[in-house]
Amino acid sequence: MTVVNNSKRRAPKINHTDTGKENMSLRLGDEAPNFTIESTEGEIQFHQWLGTEWGILFSHPADYTPVCTTELGAVAKLKEEFAERGVKVAALSVDSLDDHKGWIHDINETQDTLVDFPIIADPDRTVANLYDMIHPNALDNMTVRSVFIIGPDKKIKLILTYPASTGRNFAELLRVIDSLQLTANYSVATPANWKDGEDCIITPAVSNEQAKEKFPKGFTEVKPYLRVTPQPNK
């Protein structure tokens, strides 16, 4: 699966015992399968590489393709945004390590950026299959545009799948991360079209008496089940 020096391949190390779901589709709350594999930034042991930070693992159909070129360029330009949120990013396709390294030059040139996050080489499709990134009815031999957001606990917090023809909105992924990190630490949810800094919704499990203690900025009870409060960490 892994392309190494002198074009020799070394089988990836996959820890299936982490999830017991190697032949099943992954779902929210599942532990992200662990693996060890080569990338443009060297060998990655996925869980160790994530450490205690959040992570995004996203796949693209193929190297040297136009939409993918713009996507990886967009991610590179958001480096500081991801760093501020404690998020590591890794891309993946079923192309080789040599292809990835050559393509990076094109991305840097055409998108006026510097790709310095790992692009995983998965020519044997082992990780792609582990994460169910190949959808035969869409692309029978390449990965679709899958996105997995993974928390510090190594659990999957979000799964998105785009068709090959549609580039992803990475501003939306940043918005989702803001929501996930906020709601992981406070008893709130975020409403439709929410953006960082806007009002939040108090979860139903919190009583009004508890809400008075948890949310000193106060709250508005629109309905007994719909209570709005200023974002608690601002």
Side-chain angles (χ1 to χ4, degrees), residues 26-32 41 46-59 70-91 111-118 131 145-162 166-234:
L26 294 170
R27 296 181 177 178
L28 297 182
D30 285 346
E31 184 169 286
E41 297 291 316
F46 190 54
H47 283 191
Q48 185 179 58
W49 176 77
L50 286 172
T52 59
E53 296 189 86
W54 290 73
I56 295 179
L57 176 64
F58 70 105
S59 58
T70 64
E71 286 193 320
L72 270 69
V75 171
K77 291 177 180 179
L78 290 171
K79 176 183 178 179
E80 292 184 3
E81 295 282 352
F82 288 121
E84 287 176 2
R85 294 164 172 81
V87 178
K88 290 185 173 180
V89 179
Q111 306 304 303
D112 190 26
T113 189
L114 178 63
V115 173
D116 59 357
F117 57 87
Y131 278 79
R145 300 188 195 282
S146 299
V147 182
F148 295 86
I149 295 181
I150 300 159
D153 57 0
K154 309 302 185 294
K155 299 294 179 65
I156 295 172
K157 308 299 183 182
L158 174 138
I159 301 172
L160 287 173
T161 302
Y162 293 71
T166 303
R168 285 163 280 215
N169 184 333
F170 289 94
E172 165 62 7
L173 294 182
L174 288 173
R175 189 191 76 88
V176 171
I177 289 168
D178 286 339
S179 174
L180 289 170
Q181 293 181 340
L182 171 66
T183 58
N185 295 307
Y186 297 90
S187 300
V188 295
T190 54
N193 301 321
W194 174 89
K195 293 180 182 178
D196 186 41
E198 296 181 349
D199 288 352
C200 304
I201 295 171
I202 299 173
T203 57
V206 178
S207 68
N208 281 349
E209 288 303 312
Q210 292 171 325
K212 292 175 184 177
E213 296 181 6
K214 284 178 174 286
F215 305 105
K217 297 177 184 178
F219 63 91
T220 300
E221 185 175 295
V222 182
K223 293 285 185 180
Y225 61 85
L226 178 57
R227 295 164 298 168
V228 178
T229 188
Q231 184 170 326
N233 63 346
K234 293 291 184 180

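Because only heavy atoms are used, hydrogens play no part in the values below, and waters and symmetry mates are left out as well, while side chains stay in.
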Enter the distance from [X]:[atom1] to [Y]:[atom2] here, rounded to the nearest 0.5 Å.
X: D178; Y: L173; atom1: CG; atom2: CG; answer: 11.0 Å
X: L78; Y: F170; atom1: CG; atom2: CZ; answer: 8.0 Å
X: I149; Y: I156; atom1: CD1; atom2: CD1; answer: 11.0 Å
X: E172; Y: I177; atom1: CD; atom2: CD1; answer: 10.0 Å
X: F148; Y: L26; atom1: CZ; atom2: CG; answer: 5.5 Å
X: I159; Y: D30; atom1: CD1; atom2: CG; answer: 7.0 Å

Shortest non-hydrogen contact between [X] and [Y], atoms and distance:
X: T166; Y: Y162; value: O-CB, 3.9 Å
X: W49; Y: A90; value: CH2-CB, 3.7 Å
X: E53; Y: V87; value: OE1-N, 4.2 Å
X: E71; Y: R145; value: OE1-NH1, 2.9 Å
X: A76; Y: T113; value: CB-OG1, 3.3 Å
X: C200; Y: P232; value: SG-CD, 4.2 Å

Take atom [atom1] of [X] as the centre, draw a 6.0 Å sphere, and report whether it contains more than 12 heavy atoms from other residues, nucleotides or ligands.
X: K154; atom1: NZ; value: yes
X: D112; atom1: CG; value: no
X: E84; atom1: CD; value: yes
X: N185; atom1: CG; value: yes
X: K79; atom1: NZ; value: no

**Q.** With K212, the side chain to side chain contact (heavy atoms under 4.5 Å, CB included) member among Q210, K214, E209
**A.**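 Result for side chain to side chain contact (heavy atoms under 4.5 Å, CB included) with K212: E209.
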**Q.** From K157, R85, R175, residue fulfilling side chain to side chain contact (heavy atoms under 4.5 Å, CB included) relative to L180
**A.**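 Among the candidates, only K157 passes.
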Just wondering, do [Y] and [X] contact through their side chains at under 4.5 Å, heavy atoms?
X: F58; Y: L160; result: no
X: W194; Y: D199; result: no
X: F215; Y: R227; result: no

**Q.** Salt-bridge present (K234, D196; N to O < 4.0 Å)
**A.**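 Looking at K234 and D196, the cut-off is met.
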Q.
Can a donor-acceptor pair be found, under 3.5 Å and without considering hydrogens, that links the side chain of T203 to the backbone of S187?
A.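 Pair found, side chain donor or acceptor close to backbone of S187.
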